[in-house]
Amino acid sequence: MGAPALSNTEMEELNTLFDKYDRDGSGELNAEELTRLINNMGVTTTKEDVQCLIEAIDDDENGTVDCLELVNYIEHEMAQELSANEVMEAFNMIDLDHGGEITLEELRESMRGADVGITKHDMDMMFKKVDRNNDGTLSFTEFRNIFTTTAKR
């Protein structure tokens with residue numbers, strides 16, 4: 001799944017905001033300009049935090065952030081949030097009794113109607129592997145780890 005694109009209105013607002021804080025008109029935000037932008041959004045930050053953010057966003061590694069790099073970062077963060085929401089929705093659908101944990105029976109029941117091609121034995125083995133604390137249920141964290149472990153492979 002690709003990152004969701006910002007709407008035209010959101011892009012215009014971001015460009016206006018970017019230009020407002022690009023005080024030297026370079027088309028890029030340096031650490032001081034980015035700090036002002038972040039602080040004016042009501043977020044307190046440190047020089048170290050801003051430097052880490054620049055390193056995360058700065059694709060061309062020139063020590064500043066241009067508008068495209070900022071857009072890419074925001075869209076990536078939106079996609080991550082969307083993915084987390086989708087995992088939570090899946091967890092809630094499988095947690096049939098809404099007890100905050102998934103039992104093996106709930107997992108079996110939810111998979112019964114889906115044609116996932118997994119045997120009872122394989123499902124039992126997967127459940128045991130993911131149930132890190134061996135309490136017979138999957139917490140949201142254990143369930144989420146299925147997706148983050150798969151995504152990292």
Side-chain angles (χ1 to χ4, degrees), residues 1-18 20-21 29 31 33-61 65-153:
M1 174 170 82
L6 294 172
S7 70
N8 289 339
T9 303
E10 291 168 326
M11 284 295 296
E12 288 173 16
E13 290 172 356
L14 184 59
N15 281 321
T16 301
L17 186 67
F18 189 92
K20 177 181 176 182
Y21 288 95
L29 299 180
E33 293 166 331
L34 188 57
T35 299
R36 279 195 189 111
L37 185 151
I38 294 169
N39 289 340
N40 285 333
M41 292 175 68
V43 177
T44 305
T45 189
T46 65
K47 287 182 180 183
E48 293 80 16
D49 289 341
V50 171
Q51 193 55 46
C52 286
L53 183 59
I54 288 173
E55 289 172 12
I57 299 174
D58 184 19
D59 292 331
D60 60 11
E61 299 179 357
V65 175
D66 64 38
C67 196
L68 181 59
E69 289 169 331
L70 187 58
V71 167
N72 289 339
Y73 176 76
I74 290 169
E75 289 181 340
H76 174 76
E77 290 300 308
M78 288 170 60
Q80 294 297 342
E81 185 174 317
L82 181 63
S83 296
N85 289 338
E86 289 172 342
V87 172
M88 178 59 87
E89 286 176 23
F91 180 86
N92 289 333
M93 287 176 58
I94 297 171
D95 180 17
L96 300 174
D97 69 359
H98 306 291
E101 297 176 319
I102 297 173
T103 64
L104 180 56
E105 187 53 42
E106 286 175 319
L107 182 62
R108 284 186 188 137
E109 182 64 31
S110 66
M111 295 297 156
R112 204 169 273 137
D115 186 20
V116 293
I118 186 171
T119 67
K120 183 178 185 249
H121 177 265
D122 289 344
M123 189 178 299
D124 291 351
M125 296 303 293
M126 180 206 61
F127 191 92
K128 287 178 184 176
K129 183 176 183 179
V130 176
D131 182 16
R132 295 283 191 187
N133 63 359
N134 298 316
D135 67 352
T137 62
L138 299 182
S139 66
F140 175 72
T141 301
E142 290 169 325
F143 182 77
R144 183 184 64 216
N145 287 342
I146 295 170
F147 299 95
T148 56
T149 302
T150 302
K152 290 179 183 176
R153 287 183 186 162

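By convention here, the first residue in the shown sequence is residue 1.
The line from CD1 of Ile102 to CD of Glu109 is 13.5 Å long, rounded to the nearest 0.5 Å. Between the CG atom of Asp49 and the CD1 atom of Ile54 there is a distance of 11.5 Å, given to the nearest 0.5 Å. Interatomic distance, SG of Cys52 versus CD of Glu48, reported as 8.0 Å (0.5 Å rounding). To the nearest 0.5 Å, atoms NZ (Lys47) and OG1 (Thr35) are separated by 8.5 Å. Note that the CD1 atom of Ile38 and the CZ atom of Arg36 stand 12.5 Å from one another [nearest 0.5 Å]. Rounded to the nearest 0.5 angstrom, Glu33 CD and Phe18 CZ are separated by 8.0 Å.
Taking a 6.0 Å sphere around CG of Asn8, one finds it holds 12 or fewer heavy atoms contributed by other residues, nucleotides or ligands. By the 6.0 Å contact criterion, CD on Glu105 is enclosed, its count of non-hydrogen atoms from other residues, nucleotides or ligands being greater than 12. Counting heavy-atom neighbours within 6.0 Å of Met126 CE, excluding the residue itself, gives a total above 12.
With contacts defined as side-chain heavy-atom distances shorter than 4.5 Å, the pair His121/Met125 qualifies. At least one side-chain heavy atom of Leu53 sits under 4.5 Å from a side-chain heavy atom of Tyr73. The side-chain heavy atoms of Phe143 and Val130, taken from C-beta on, include no pair separated by under 4.5 Å. The shortest distance between side-chain heavy atoms of Val87 and Phe140 falls below 4.5 Å. Under the 4.5 Å side-chain criterion, counting only non-hydrogen atoms from C-beta, Arg108 is in contact with Asp124.
Checked by atom type and distance alone, the side chain of Glu69 pairs as donor or acceptor with a backbone atom of Asp66 at under 3.5 Å. Side-chain atoms of Glu75 come within 3.5 Å of backbone atoms of Leu6 as a donor-acceptor pair (strictly under, hydrogens ignored). Checking side-chain atoms of Asp131 against main-chain N and O of Asp135 turns up a donor-acceptor pair under 3.5 Å.
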Stepwise, does the side chain to side chain contact (heavy atoms under 4.5 Å, CB included) test hold for Asn133 with Glu142?
CA-CA 9 Å; Asn133 63 359; Glu142 290 169 325; 3.1 Å; yes
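Here the closest heavy-atom approach between residue Ile94 and residue Glu106 is recorded as O-CB, 3.4 Å.
When each of Asn72, Val65, Ile74 is paired with Ile57, the side chain to side chain contact (heavy atoms under 4.5 Å, CB included) condition holds for Val65 and for no other.
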